[in-house]
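Letters go in sequence order (proteins before strands), and every chain restarts at 1.
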Amino acid sequence: MRVTETEMTKALRDWYDRYARTMPWRTGPAEKLAGTRPDPYSVWLSEVMLQQTTVAAVKKYHDRFVALWPSVADLAAAEDSEVMAEWAGLGYYARARNLLKCARAVVADHGGRFPDTHDALIALPGIGPYTAAAIAAIAFDRAETVVDGNVERVMSRLFDVATPLPAAKPELTAHAARLTPRDRPGDHAQAVMDLGATICTPRNPACGICPLRDPCLARQRGTQGERPVKAPKKAKPQRRGYAYVGRRADGAWLMETRPDKGLLGGMLGFPGSDWTQAPEPAPPAPADWREAGEAVHVFTHFALTLTVMVAELPPTNPERGHFVAAEAFRPAALPTLMRKVHDVATPHLAVERPGAAG
DNA sequence: TACACGTGGGT
DNA sequence: TACCCAAGTGT
C-alpha cells in the first residue's frame with residue numbers, strides 16, 4: 001500500500017496536534033481555537049535566537065528580551081551595548097548586531113510592523129532563507145517551505161536520500177515542498193521540526209512511535225542511522241594568546257569593546273593579543289603584570305588557550321581600552337570566553353571591593 | 001562553494 | 001574524553 005504525500009502530511013499534522021511542544025513564542029490551544037496568530041516580533045526573536053542554538057538555551061533569552069523590550073520599536077530604541085550584554089552567552093554575536101539592524105529597519109521602513117512575505121523578510125538583516133520562510137509560515141500562515149537541519153534529516157530518511165549534505169539540499173527542499181500543505185502551513189512547518197527534534201533525532205531515532213514510520217524509506221531499508229550523509233569535518237587547529245585583566249584601586253575593570261567584525265564582534269572583553277602566533281604582546285597599560293593561569297575555550301573552528309595576566313593598575317589612562325566601574329561590571333554581560341578569563345583572574349587580584357569594610 | 005562565526009548539552 | 005550537534009547567515 002502506497003502512502004500518498006497528502007496522507008503523510010495529515011499523519012504529521014495529527015501527530016503535531018497531540019504532541020506539539022509548548023514554547024513561549026507559540027500560541028496555546030485556546031488561542032489557536034480563537035484563531036489568534038502568534039506575535040511576529042516574538043516569532044522573529046525566537047527564530048533568530050534558534051539559529052544553530054538549542055531550544056533549551058533560547059527560552060530564557062527570548063523571555064528576557066520580550067520582558068525588557070516588549071515590541072520591535074522598544075528594541076529598535078535600545079542601546080547597542082545593552083542588547084549585546086543581554087545576548088552575552090548565547091553565541092554567534094553577529095546575530096545580535098543584525099537583530100538591532102533588523103529592528104531598526106522594521107521601524108524605519110515598515111512602520112514598526114514585520115512584513116508578511118518571504119521576499120520582504122529575506123531582505124532584512126539576519127534573515128536568510130530559513131528564517132524568512134519560518135516567519136512567513138509561523139507568524140502569517142503562508143505556505144512557505146521551511147528547511148532547517150531537522151527538515152533535512154526527516155526528508156533524507158523519509159525518502160532515503162544518499163547524497164551528502166550540503167549538496168543534497170535542493171533535493172531535500174523539493175521533497176519538503178511537496179509535503180507543504182495550503183492548509184495550516186505554519187503548523188506543518190513546526191510539525192516537521194518538532195518531529196526531527198523529538199522522534200527523528202540524529203542518533204537513535206524513535207522509529208517505533210513515528211507517525212511516518214510506514215512510508216519512511218530509510219526505515220524500510222534500515223538506513224536511518226546513515227541519514228543524512230554529511231561531508232567529513234575538518235580538524236580544529238589549536239591557537240594561543242594572552243588576555244590582560246587589570247583593576248584600578250577603586251575596583252574599575254580595564255575592558256575593551258571588540259570591533260564589530262570578527263570573532264565576538266561588538267562584545268565587551270579584556271584586552272589582549274590576537275590569537276595567531278602569539279608572541280607576548282605589549283600590555284594595555286604599564287603595571288606589574290603577572291601570570292594568573294590559563295583559560296581554555298573551544299570555538300566552532302579552533303581551540304584556544306589564553307594565558308591570563310593580571311595587575312593592579314594606576315589611575316592613569318590606559319593605552320588600550322577603557323575602565324568600567326565596579327558597579328557597572330557584570331560577568332554575565334561577557335561572552336563565555338571572557339567570563340572564563342575573568343574567573344581565572346579574579347582570585348589573583350588584590351583589589352578591595354568598593355564599599356567593603358576595611 | 002567554503003569558510004567564519006559560540007556555546008552548552010548529549011553520548 | 002572527544003566528538004557530535006542545534007529552528008543558519010553573511011561573505
Side-chain angles (χ1 to χ4, degrees), chain A residues 20-21 23-26 42-62 84 87-99 101-102 121-139 144-154 164-170 173 176 186 188-198 200-204 225 228 230-239 258-267 269 275 296-304 332 334-340:
Chain A
R21 292 176 293 173
M23 314 260 185
W25 49 89
R26 284 184 177 171
S42 183
V43 171
W44 163 72
L45 212 45
S46 70
E47 289 302 339
V48 173
M49 289 179 170
L50 284 163
Q51 290 165 8
Q52 297 289 286
T53 308
T54 56
V55 168
V58 165
K59 280 180 176 168
K60 304 184 279 276
Y61 282 83
H62 169 273
M84 299 309 288
W87 196 277
L90 200 56
Y92 284 141
Y93 298 99
R95 292 183 297 170
R97 301 193 299 274
N98 284 330
L99 193 80
K101 285 186 195 165
C102 182
L121 285 162
I122 205 170
L124 292 164
I127 296 182
Y130 163 77
T131 304
I135 297 173
I138 297 169
E144 297 289 340
T145 299
V146 167
V147 184
D148 73 333
N150 288 305
V151 179
E152 288 175 354
R153 185 170 56 255
V154 170
L165 283 168
K169 179 119 181 184
T173 299
H188 172 81
Q190 295 177 93
V192 187
M193 293 192 283
D194 268 26
L195 187 78
T198 63
C200 196
T201 51
R203 278 164 296 190
N204 304 315
K230 292 193 175 183
K233 314 204 165 0
K234 300 166 69 169
K236 270 179 203 189
Q238 173 73 230
R239 297 192 196 171
R258 301 175 59 82
D260 274 354
K261 301 261 180 196
L263 204 64
L264 311 181
M267 298 301 290
W275 305 328
V296 176
H297 193 68
V298 180
F299 291 107
T300 308
H301 51 299
F302 66 95
L304 179 66
L334 301 176
T336 298
L337 166 67
M338 295 299 172
R339 192 171 43 67
K340 288 180 179 176

Novice: Quick one: which of dA6(C), dA7(C), dT7(B) gets closest to the side chain of Asp148(A)?
Specialist: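 Ranking dA6(C), dA7(C), dT7(B) by closest atom to the Asp148(A) side chain puts dA7(C) first.
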Novice: Decide if the gap between the ring center of Phe299(A) and the ring center of His301(A) is smaller than 6.0 angstrom.
Specialist: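 That pair fails the under 6.0 Å test.
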Novice: If you assign each of Gly262(A) and Asn204(A) to its closest nucleotide in DNA chain B, which residue comes earlier from the 5' end?
Specialist: Gly262(A)
Novice: Students often get this wrong, so: under 4.0 angstrom with heavy atoms, is Val298(A) touching a base, only sugar-phosphate, or nothing?
Specialist: base
Novice: Rounded off to whole Å, could you give me the CG-to-P distance for the Leu165(A) and dC5(C) pair?
Specialist: 11 Å
Novice: Rounded off to whole Å, could you give me the CH2-to-C1' distance for the Trp87(A) and dC5(B) pair?
Specialist: 13 Å
Novice: Check whether any side-chain N or O of Gln52(A) sits under 4.0 Å from OP1 or OP2 of dG8(C), and answer yes or no.
Specialist: yes
Novice: When you check the phosphate oxygens OP1 and OP2 of dT7(B), does a side-chain N or O of His297(A) lie under 4.0 Å from one of them?
Specialist: yes
Novice: Measure distances between side-chain N and O atoms of Thr300(A) and base N and O atoms of dG6(B), and say whether any donor-acceptor pair falls under 3.5 Å.
Specialist: yes
Novice: What integer number of Å spans the C1' atoms of dC5(B) and dC5(C)?
Specialist: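 Going atom to atom, C1' in each nucleotide, I get 16 Å.
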Novice: Which value, in whole Å, describes the distance between the P atoms of nucleotides dG8(B) and dT9(C)?
Specialist: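 These two P atoms come out 22 Å apart once rounded.
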Novice: Pick the C1' atom in dG8(C) and in dT1(B), then give their distance to the nearest Å.
Specialist: 16 Å
Novice: Could you check if a side-chain atom of Leu99(A) sits within less than 4.5 angstrom of a side-chain atom of Leu45(A), using non-hydrogen atoms only?
Specialist: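 Yes - at least one pair of side-chain heavy atoms lies under 4.5 Å apart.
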Novice: Does Lys234(A) have a side-chain nitrogen or oxygen under 4.0 Å from the phosphate oxygens OP1 or OP2 of dC3(B)?
Specialist: yes
Novice: What verdict does the side-chain contact (heavy atoms from CB on, under 4.5 Å) test give for Ile138(A) and Trp25(A), after you've listed the backbone C-alpha separation in whole Å, the side-chain angles of each residue and the deciding distance to 0.1 Å?
Specialist: CA-CA 10 Å; Ile138(A) 297 169; Trp25(A) 49 89; 6.0 Å; no
Novice: At what distance, to the nearest 0.5 angstrom, does CZ of Arg95(A) lie from CE of Met49(A)?
Specialist: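 Between Arg95(A) CZ and Met49(A) CE, I get 8.0 Å after rounding to 0.5 Å.
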Novice: With rounding to the nearest 0.5 angstrom, report the CZ to CG distance, Arg153(A) to Leu195(A).
Specialist: 9.0 Å
Novice: Given dG10(C), dC5(C), dA7(C), which nucleotide is nearest the side-chain atoms of Pro202(A)?
Specialist: dC5(C)
Novice: Side chain of Val55(A): nearest nucleotide among dA6(C), dG8(B), dA7(C)?
Specialist: dA7(C)
Novice: OP1 or OP2 of dA7(C) sitting under 4.0 Å from any side-chain N/O of Arg26(A)?
Specialist: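 For Arg26(A), the contact criterion (side-chain N or O under 4.0 Å from OP1 or OP2 of dA7(C)) is not met.
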Novice: To the nearest 0.5 Å, how far apart are CD in Gln52(A) and OH in Tyr92(A)?
Specialist: 5.5 Å
Novice: Quick one: label Gly196(A) by what it contacts on the DNA or RNA (base, sugar-phosphate, nothing), any heavy atom closer than 4.0 Å.
Specialist: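 If one applies the 4.0 Å heavy-atom cut-off, Gly196(A) turns out to touch nothing in the nucleic acid.
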Novice: Among dC3(B), dA7(C), dG10(C), which nucleotide has an atom closest to any side-chain atom of Asn150(A)?
Specialist: dA7(C)
Novice: I'd like the C1' distance from dA7(C) over to dT11(B), given in whole Å.
Specialist: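 Those two atoms are separated by 22 Å.
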Novice: Just checking Val58(A): base, sugar-phosphate only, or nothing, at a heavy-atom cut-off of under 4.0 Å?
Specialist: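 Result for Val58(A) = nothing.
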Novice: Figure out the OH/P separation between Tyr92(A) and dG10(C), and round it to whole Å.
Specialist: 14 Å
Novice: Kindly point out which of dA4(B), dT7(B), dA7(C) is positioned nearest to the side chain of Pro335(A)?
Specialist: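 My answer, after comparing the listed nucleotides, is dT7(B).
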Novice: Would you confirm whether Lys59(A), through its side chain, and Pro24(A), through its main-chain N or O, come within 3.5 Å as a donor-acceptor pair?
Specialist: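 No.
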Novice: What's the NZ-C1' distance between Lys261(A) and dA4(B), to the nearest Å?
Specialist: 12 Å
Novice: Just to confirm, is there a sub-4.0 Å distance from OP1 or OP2 of dA4(B) to any side-chain nitrogen or oxygen of His301(A)?
Specialist: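 No, His301(A) has no side-chain N/O under 4.0 Å of OP1/OP2 on dA4(B).
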Novice: Between dG8(C), dC3(B), dG8(B), which one does the side chain of Thr131(A) approach most closely?
Specialist: dG8(C)
Novice: Rounded to the Å, how far apart are Met49(A) CE and dT7(B) C1'?
Specialist: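 Rounded to the whole Å, the gap is 14 Å.
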Novice: Grab the CG-C1' distance between Leu90(A) and dA6(C) for me, whole Å please.
Specialist: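 Distance, rounded to whole Å: 11 Å.
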Novice: What nucleotide among dA6(C), dC5(B), dT9(C) has an atom nearest to a side-chain atom of Leu263(A)?
Specialist: dC5(B)
Novice: Looking at dA7(C), does its base get a donor-acceptor pair with the side chain of Arg21(A) below 3.5 Å?
Specialist: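 Looking at the base of dA7(C), it does pair with a donor or acceptor on the side chain of Arg21(A) (distance under 3.5 Å).
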Novice: Taking the side chain of Arg203(A) as its heavy atoms from C-beta onward, which of dG6(B), dC4(C), dA7(C) lies nearest to it?
Specialist: dC4(C)
Novice: Can you tell me how far OH of Tyr130(A) sits from CE of Met193(A), rounded to the nearest 0.5 angstrom?
Specialist: 3.5 Å
Novice: When the distance from CZ of Arg339(A) to P of dG6(B) is rounded to whole Å, what number comes out?
Specialist: 15 Å
Novice: Which whole-number value in Å describes the distance from Arg258(A) CZ to dC5(B) P?
Specialist: 10 Å
Novice: Any side-chain N or O of Arg95(A) less than 4.0 Å from the OP1 or OP2 oxygen of dG10(C)?
Specialist: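 No.
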Novice: Is there a side-chain polar atom (N or O) of Lys233(A) under 4.0 Å from OP1 or OP2 of dC5(C)?
Specialist: yes
Novice: When you match Tyr130(A) and Ile127(A) each to their closest nucleotide on DNA chain C, which lands nearer the 5' end?
Specialist: Tyr130(A)
Novice: Below 3.5 Å, does any donor atom in the side chain of Thr53(A) face an acceptor in the base of dG8(B), or the other way round?
Specialist: no
Novice: Could you tell me whether Met267(A) contacts a base, only the sugar-phosphate backbone, or nothing, with contacts defined as non-hydrogen atoms closer than 4.0 Å?
Specialist: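 Met267(A): no heavy atom of the nucleic acid under 4.0 Å.
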Novice: Looking only at side-chain atoms of Thr336(A), point me to the closest of dG8(C), dG8(B), dA7(C).
Specialist: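 Nearest listed nucleotide: dG8(B).
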